[in-house]
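Here's the structure, in structure tokens; my notes come after.
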Amino acid sequence: MNNWKRYISGIMLVLGLMILPQCSFDKASDTPETRGIVLTGEAKQDYIQQQMNELYHPPEDKKPTPFTAPTGWTYEKTSIGNVRVERLAPPKSSTKHVVLRLHGGAYMSGITDLYRSFAVHQAEYTDASEIYCVDYRHAPIYTYPAALEDATTVYRGLLARGTKASDIIIYGDSAGGNLAVELAIYLREHDIPQPAALILLSPWADFEHKDGTSRTENFAKDKVLGEGTPFAPHLRSIPPYAGDLPLDDPRLSPIHADLRGLPPMLIQTGSYDLLLTEDEQLAAKAKADGTDVTFTVYPEMPHVFPLVLPELAESFAALEEMRDFVNRYMNELP
């Protein structure tokens with residue numbers, strides 16, 4: 001039990017951080033955008049390590065600044081159905097885009113200020129009129145399908161309020177990326193209209209830990225999930241959210257799921273991401289099933305880097321890619 005308490009505390013601290021007919025397996029440019037901090041090689045990795053040290057082990061005399069919404073924005077904690085959500089809305093928007101935000105944290109943590117700040121950036125880059133962060137139930141108290149049920153309730157609630165499915169963008173990072181894909185599969189299976197797009201940041205696509213993949217090859221490189229982080233001792237453990245399901249069940253591991261008929265996907269990851277292999281497999285499976293996929297690997301970047309390293313040039317580039325992806329697909333809708 002003490003180990004699980006430490007595990008949850010670690011998660012809460014860090015995570016508490018053109019139409020393509022086929023998948024594009026492109027590397028991001030080695031020359032990053034000029035916005036943000038531009039670093040390469042050892043200097044970049046030293047910087048990332050320093051930032052992660054401060055995130056995982058903050059100095060006692062340095063308390064993080066509590067989240068406050070930007071001037072003129074609406075920020076409220078409310079509920080849709082019986083599910084808690086946090087709603088953010090800018091003072092004005094030129095679109096009717098609504099973002100449904102599914103946070104990460106191994107299905108074991110709630111929304112944190114890190115996610116609230118990131119949600120603001122995502123809303124700004126997609127010119128969204130509203131963004132809803134879903135505070136879904138999480139393990140170890142609640143196991144599958146609790147989070148999926150909550151995400152579905154919120155999605156249905158948005159439709160019941162008059163939001164068009166074609167105006168909805170679903171964002172998900174890590175475990176939230178897993179949940180985003182599983183939500184889209186559930187919607188297809190129950191004849192519920194699909195959202196316009198899925199944006200997946202380092203999605204957790206395989207509940208099984210497999211040697212000989214990026215899970216081991218990037219273990220010393222990924223400074224967010226790998227060696228020396230609070231997550232490292234638990235990488236081979238059975239994820240509590242799985243409950244009684246086998247780890248290769250498609251309801252947990254979407255690399256084994258039927259991905260036909262899903263919305264266009266943008267999958268972003270880093271070449272040092274611990275989950276790189278399964279993200280490659282998810283993109284390949286979606287392509288094979290006929291789903292439009294854009295898959296981008298940012299060199300030398302770790303897990304969920306736009307979330308935890310927002311000041312780096314690669315994070316600005318990733319947000320701009322999200323913006324362009326949304327504009328490409330949303331603008332083509334009737």
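Computed from a predicted model, the values in this text were never measured in an experiment. When a residue number appears, it is its place in the shown sequence, counting from 1.
By the 30° and 60° cut-offs, the orientation of the rings of W204 relative to Y107 is tilted. Aromatic ring orientation, F207 versus Y241: tilted (interplanar angle from 30° to 60°).
At distances below 3.5 Å, not a single donor-acceptor pair connects side-chain atoms of E76 with backbone N or O atoms of R87. The closest donor-acceptor contact from the side chain of T95 to the backbone of D127 lies under 3.5 Å. Using a distance-only test at 3.5 Å, with no hydrogens or angles considered, no donor-acceptor pair links the side chain of T269 to the main chain of D279. E278 places a side-chain N or O within donor-acceptor distance of the main-chain N or O of A205, the cut-off being under 3.5 Å. Although no hydrogens or angles enter the test, the distance criterion places no donor-acceptor pair under 3.5 Å between the side chain of S117 and the main chain of L114. Side chain of S129 to main chain of H97: a donor-acceptor pair is present (N/O by atom type, distance under 3.5 Å, no hydrogens or angles). D273 places a side-chain N or O within 3.5 Å of a backbone atom of L275 that can act as its donor or acceptor partner.
We find the CD1-CG distance between I169 and L198 to be 10.5 Å, quoted to the nearest 0.5 Å. In this structure, OG1 in T152 is found 5.5 Å from OH in Y186, a value given to the nearest 0.5 Å. A distance of 11.0 Å separates CD in Q45 from CE in M52, rounded to the nearest 0.5 Å. Distance OG1/T213 to CD/Q281: 7.5 Å, rounded to 0.5 Å. The CG atom of L274 sits 10.0 Å away from the OG atom of S174 when rounded to the nearest 0.5 Å. Note that the CG atom of L282 and the CG atom of N178 stand 9.0 Å from one another [nearest 0.5 Å].
Salt-bridge check for K96 with E130: failed, with every basic side-chain N at 4.0 Å or more from each acidic carboxylate O. Remark: D211 does not engage R215 in a salt bridge, criterion side-chain N to carboxylate O under 4.0 Å. A salt bridge is absent between R251 and E182; no separation between the charged side-chain nitrogens and carboxylate oxygens falls under 4.0 Å. Salt bridge absent: K221 and E300 never bring a charged side-chain N and a carboxylate O closer than 4.0 Å.
Between V83 and Y136 there is no side-chain heavy-atom pair separated by less than 4.5 Å. Using a 4.5 Å heavy-atom cutoff, the side chains of H138 and S109 are not in contact. The shortest distance between side-chain heavy atoms of T229 and Y56 falls below 4.5 Å. Residues K285 and I255 are not in side-chain contact: their nearest non-hydrogen atoms beyond the backbone lie 4.5 Å or more apart. For the pair R260 and T291, the minimum side-chain heavy-atom distance is 4.5 Å or more. Looking only at side-chain heavy atoms (C-beta outward), L201 and F118 come within less than 4.5 Å of each other. Counting heavy atoms from C-beta on, the side chains of M108 and P140 come closer than 4.5 Å. Looking only at side-chain heavy atoms (C-beta outward), K210 and T277 stay at 4.5 Å or farther from each other.
Looking only at atom types and distance, the side chain of Q49 has a donor-acceptor partner in the side chain of N53 under 3.5 Å away. Checked by atom type, the side-chain pair Q268/S202 shows no donor-acceptor distance below 3.5 Å. Under the 3.5 Å distance criterion, with hydrogens and angles disregarded, no donor-acceptor pair is assigned to the side chains of T163 and D167. Under 3.5 Å, the side chains of Y47 and E311 contain a donor-acceptor pair of N or O atoms. At a cut-off of 3.5 Å, with distance as the only test, no side-chain donor of R188 or Q194 sits close to an acceptor on the other residue. No side-chain donor-acceptor contact under 3.5 Å links Y144 and D249.
The ring-ring contact (aromatic ring centres under 6.0 Å, His included) check on F325 picks up Y329, with sequence neighbours excluded. Shown here are the ring-ring contact (aromatic ring centres under 6.0 Å, His included) partners of F67, two or more places apart in sequence or in another chain: Y75. Partners of A180 according to the side chain to side chain contact (heavy atoms under 4.5 Å, CB included) rule, which considers only residues two or more places apart in sequence or in another chain, are L102, I170, L200. Under the side chain to side chain donor-acceptor pair (under 3.5 Å) criterion, D150 pairs with R137, sequence neighbours left out. Y125 pairs by the ring-ring contact (aromatic ring centres under 6.0 Å, His included) definition with nothing, not counting sequence neighbours. Residues satisfying the side chain to side chain donor-acceptor pair (under 3.5 Å) criterion with D222, sequence neighbours excluded, are absent altogether.
Applying the 6.0 Å contact sphere to NZ of K164 captures no more than 12 heavy atoms from other residues, nucleotides or ligands. By the 6.0 Å contact criterion, OH on Y142 is open, its count of non-hydrogen atoms from other residues, nucleotides or ligands being 12 or less. Shown here is D244, whose CG atom has no more than 12 heavy atoms of other residues, nucleotides or ligands within 6.0 Å. Counting heavy-atom neighbours within 6.0 Å of E42 CD, excluding the residue itself, gives a total of 12 or less. No more than 12 heavy atoms of other residues, nucleotides or ligands lie within 6.0 Å of CZ in R84, so this atom counts as exposed by the packing criterion.
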Query raised in the report: Run the side-chain contact (heavy atoms from CB on, under 4.5 Å) check on V326 and I199 step by step: do they pass?
Result: CA-CA 9 Å; V326 167; I199 297 182; 3.6 Å; yes
**Report entry** Derivation and outcome, side-chain contact (heavy atoms from CB on, under 4.5 Å), residues K287 and F295
**Finding:** CA-CA 10 Å; K287 173 196 170 183; F295 178 57; over 6 Å; no
Requested in this report: Output, in order, the C-alpha distance, side-chain angles, deciding distance and verdict of side-chain contact (heavy atoms from CB on, under 4.5 Å) for L88 and V120.
Outcome: CA-CA 7 Å; L88 282 155; V120 169; 4.2 Å; yes
**Report entry** Test log, rule salt bridge (Lys or Arg N to Asp or Glu O under 4.0 Å), inputs E86 and R101
**Finding:** CA-CA 9 Å; E86 297 188 13; R101 186 73 177 81; over 6 Å; no
Requested in this report: Starting from the C-alpha separation in whole Å, work towards a yes-or-no answer on side-chain contact (heavy atoms from CB on, under 4.5 Å) for H121 and L319.
Outcome: CA-CA 8 Å; H121 292 314; L319 282 164; 4.3 Å; yes
**Report entry** Pair Y272-H303, ring-ring contact (aromatic ring centres under 6.0 Å, His included): steps then yes or no
**Finding:** CA-CA 7 Å; Y272 287 178; H303 190 66; over 10 Å; no
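When every heavy atom of V304 is checked against every heavy atom of V224, the shortest pair comes out as CG2-CG1, 4.2 Å. Closest of all the heavy-atom pairs between F305 and A318 is CE1-CB, 4.1 Å. Of all heavy-atom pairs spanning S271 and N218, the tightest one is O-ND2, 3.1 Å. Of all non-hydrogen atoms in L276 and S214, the two that sit nearest each other are N-OG, 3.1 Å. In plain terms, the two heavy atoms of K223 and P302 that are nearest each other are N-CB, 4.1 Å. V134 and V85 get closest at one heavy-atom pair: CA-CG1, 4.3 Å.
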